[in-house]
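Inspection log for the structure reproduced underneath, given as structure tokens.
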Amino acid sequence: VEEGDYTIEEVIAKVKKPDGSLEELKMYHRWPVRLKRPYKNKLPPEVPLITGQRTIDTFFSQAKGGTAAIPGPFGSGKTVTQHQLAKWSDARVVVYIGCGERGNEMTDVLEEFPKLKDPKTGKPLMERTVLIANTSNMPVAAREASIYTGITIAEYFRDMGYDVALMADSTSRWAEALREISGRLEEMPGEEGYPAYLASKIAEFYERAGRVVTIGSDERIGSVSVIGAVSPPGGDFSEPVVQNTLRVVKVFWALDADLARRRHFPAINWLRSYSLYVDSIQGWWHSNVDPEWRKMRDQAMALLQKEAELQEIVRIVGPDALPDKEKAILIITRMLREDYLQQDAFDEVDTYCPPKKQVTMMRVILNFYERTMEAVDRGVPVEEIAKLQVREKIGRMKYEPEVENVRALIDETNAQFEELFKKYGA
């Protein structure tokens, strides 16, 4: 292929086929979007899609080639979360489908993305982003086709050996277009007026995700990770689109309007969300980041669940009626929520948290928890533990760019607890 400038219609090369005929190659080729593109074989989802968002990477991981759903009521931060993933996930190509979105939201994306710098290359983020703009005032047939167009483009880049992240915002609008078309075709309606084939259409779309060995070469591996936002009316997770989506996807990030109102970003509810990829990707975390990753994750998750139980008791009898150990757990879980799960999307350092730093931060908080339990057993009052200076530093560790400085907090914590033990003769 000769170097130079070409239009996409010009022939850039000719290939001789086994039967002796010549195939002319242009800079594009045609493909029916409702047909999935072929591949050699599918690989298990063993590599995580690193997003730099602590809630997602540590607790509810998404795998490369995996599927995830973000259902949530209006104003709970679905679009903002998808923007963060588009900006920071370690996918080489991002396909963003604005399906039935408000015009001003798509305008924001079109204006904001060219200004954003890609953190890996320093070039505008737009250079590795494909935007499919389908605003709410466009015809329903275009809306129904937009999702398929997006996933076919994603498969096209996957076949080149790239990791692609596809953001579909939102599949609820797509399902509404299906309902409208189905009504005009006078088909028999199913639940809530959606067509009877809604479940199979949703499954068909998400099944096109995956990490595969491409047809071109055995060494070339590409992936399409699908992250679909669902906007259930009134935040009702029992409606058909959410339920049929949950049946297919392996990761569920439940957005919570209460958390969003409290300015907790990302507003992912840790008690309602789940990921079924944790078992398959723990090998990657253990060999590349930390062999204790799964143990620490499970321990932190258990603490957060314990907090939910204690909050029920606190509502009835008040916090003073709790024993010291339970009071101490509430201190630790508050640190987990505010210092670990909550992230500042506008802070240069905290907007992206690398895996090594995520694990170190978790170790700092869990070390504080272990020392606290030891102190309570030795008779140190919980009020004294709450006053420790190191707690303020732990609260600020998310803004610390150096992992070594975060790790140093473990020694500082231990030293301050030793002073407490001496003071109380424990």
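If you're wondering where the values come from, they're calculated on a predicted model, not measured in any experiment.
Between the side chain of Lys36 and the backbone N or O of Glu207 there is no donor-acceptor pair closer than 3.5 Å. Of the possible polar contacts, one joining the Ser273 side chain to the Asn269 backbone as a donor-acceptor pair under 3.5 Å is found. Of the possible polar contacts, one joining the Gln53 side chain to the Thr351 backbone as a donor-acceptor pair under 3.5 Å is found. In this structure, Glu239 contributes its side chain and Pro233 its backbone to no donor-acceptor pair below 3.5 Å. A donor-acceptor contact shorter than 3.5 Å is absent between the side chain of Glu192 and the backbone of Tyr194. A donor-acceptor pair under 3.5 Å links the side-chain atoms of Asn134 to the main chain of Gly100, judged by distance alone. Side-chain N or O atoms of Ser225 include one that pairs as donor or acceptor with a backbone N or O of Gly65 at under 3.5 Å. Side chain of Ser76 to main chain of Asp256: no donor-acceptor pair is present (N/O by atom type, distance under 3.5 Å, no hydrogens or angles).
Residue Arg391 qualifies as enclosed at atom CZ: its count of foreign heavy atoms under 6.0 Å is above 12. Residue Asp5 places its CG atom among 12 or fewer non-hydrogen atoms of other residues, nucleotides or ligands, all under 6.0 Å distant.
Geometrically, Arg294 does not engage Trp285 in a cation-pi contact, judged by NZ or CZ lying under 6.0 Å from the ring centre and within 45° of the ring axis.
Using a 30° and 60° split on the angle between ring planes, Phe59 and Tyr340 fall in the perpendicular class, above 60°. Between Phe252 and Tyr274, the ring-plane angle classifies as tilted under the 30° and 60° cut-offs.
Ring centers of Phe205 and Tyr148: at least 6.0 Å apart, outside the cut-off. You'll find the ring centres of Phe60 and Trp253 outside the 6.0 Å limit.
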How far apart are the C-alpha atoms of Trp293 and Asp298, what are their side-chain angles, what is the distance that settles it, and do they pass the side-chain contact (heavy atoms from CB on, under 4.5 Å) test? CA-CA 9 Å; Trp293 174 78; Asp298 290 350; over 6 Å; no
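The structure places CG of Asp108 at 7.5 Å from NE2 of His83, a figure rounded to the nearest 0.5 Å.
Salt bridge Asp159/Arg37: present, at least one basic N to carboxylate O contact under 4.0 Å. Taking a cutoff of 4.0 Å between a charged side-chain nitrogen and a carboxylate oxygen, Asp90 and Lys64 qualify as a salt bridge. Arg363 and Glu292 are joined by a salt bridge, as a carboxylate oxygen and a charged side-chain nitrogen come within less than 4.0 angstrom of each other.
A side-chain N or O of Thr152 and one of Arg208 form a donor-acceptor pair less than 3.5 Å apart.
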